[in-house]
> 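Once you've had a glance at the structure underneath, I'll fire off some questions.
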Amino acid sequence: RFLALHKANIKTDHWFLDEGWKRWQADIRPDFNKLLDLADAGRIKWIIVDRQDRCEAADKYEFVAILHRLRKARCRLYTVDGRCLTDGDIGEFLKTGLDSDQSERELRDKSVRVLEGRMNKAKTGTWLGGPVPYGMDVVCFNLDMVAQWRVRIEGHNLRVQIYPGGDTKRYDGAENFPPSSKQEVMQLRPSSEDRVKIVQQILSWYINEACTFSSIAERLNDMNVKHSYSALWKHHHVREILRNPVYTGRIPHNRKSGGQFTEFVDGGRREVDTQKINANSNRPRAEKDWAWSDEILFDQIISVEACRK
């Protein structure tokens with residue numbers, strides 16, 4: 001509608017889309033930064049976005065910096081409803097700033113709700129997504145905690161759904177996982193017997209023979225043991241197994257930082273410094289900040305005492 005009104009046309013190679021990225025990652029979103037670089041070089045003179053929040057950043061101050069950058073490059077920024085966000089009019093500037101502030105507040109409020117929801121689910125042992133630890137499967141239970149099916153990781157983007165009767169279904173490809181309903185619960189459970197034995201063998205080598213992470217990885221590769229995500233075992237795969245308490249039967253969450261605007265530390269919520277958000281992402285947390293499942297969900301693969309060693 002905007003293009004038709006202004007009798008304009010945009011070539012397909014001038015469409016920019018960052019799929020899978022968050023607005024607060026404005027400084028590292030690839031297509032967004034490519035677009036800004038083209039504006040800096042004078043190769044584009046106007047940009048159109050669906051809504052203002054499509055070009056915003058971690059907070060209103062970073063967004064104003066983006067507007068200043070575009071104004072300096074003499075590049076105009078429009079929304080599809082015809083607003084020019086880089087207009088010098090004071091009224092438009094104030095409206096843009098207020099809208100950005102409201103958008104930021106909504107994101108922070110949502111972050112709090114999401115964090116509280118995740119912490120509550122963590123107490124029930126619910127699997128919250130992410131890489132599945134080696135030696136574990138994701139199991140779907142009904143409300144009576146009867147297993148309906150399980151998913152086993154067989155390689156990078158390779159998954160198989162296994163039903164209790166033995167039937168299977170493939171779910172290969174990026175972000176391709178069997179759906180579940182609100183009446184079902186997803187939790188981690190020990191995988192096949194051979195994978196469980198590998199986890200126990202890794203611990204035995206580490207404790208009884210004082211093997212390094214790298215030497216254990218080499219042994220596993222020599223034995224042709226396949227890692228669930230990688231073609232070859234690396235030292236960090238072994239390290240993660242030895243550091244992950246999931247094998248004791250209780251599920252820990254919040255082991256690493258990664259909150260967008262709010263994080264759980266020191267027994268409560270704390271706002272994240274948006275200026276350091278990328279630098280702090282995925283940083284290990286102190287054990288006191290972990291969120292544990294209230295109950296032991298399965299028989300130990302590794303004892304708590306051995307895990308602490």
> Return the set of residues passing salt bridge (charged side-chain N to carboxylate O under 4.0 Å, His left out) with Glu184 (not counting sequence neighbours), or none when no residue passes.
none

> Under the rule for ring-ring contact (aromatic ring centres under 6.0 Å, His included), what residues qualify as partners of Phe298, not counting sequence neighbours?
none

> Would you indicate whether the side-chain heavy atoms of Ile241 and Pro133 approach each other to under 4.5 Å?
no

> In plain terms, say whether Asp294 and Lys123 are close enough for a salt bridge, that is, a side-chain N and a carboxylate O under 4.0 Å apart.
no

> Is there a side-chain contact between Asn176 and Asn157, using heavy atoms and a 4.5 Å cut-off?
no

> Using atom types as modelled and distance alone, determine if a side-chain donor or acceptor of Asp31 lies under 3.5 Å from a backbone N or O of Asp18.
no

> Indicate, with yes or no, if the rings of Phe177 and Trp127 have centres closer together than 6.0 Å.
yes

> Are Val238 and Tyr206 packed together at the side-chain level, in the sense that at least one heavy-atom pair is separated by less than 4.5 angstrom?
no

> What pairs meet the side chain to side chain donor-acceptor pair (under 3.5 Å) rule with one or both residues in residues 212-229, with sequence neighbours excluded?
Glu209-Arg219, Thr212-Ser215

> Counting only N and O atoms by type, is there a donor-acceptor contact under 3.5 Å from the side chain of Asn244 to the main-chain atoms of Val246?
yes

> Please answer whether the main-chain N or O of Leu17 pairs with a side-chain N or O of Arg29 as donor and acceptor at a distance below 3.5 Å.
no

> Indicate yes or no: does Asp299 engage Arg189 in a salt bridge with an N to O separation below 4.0 Å.
no

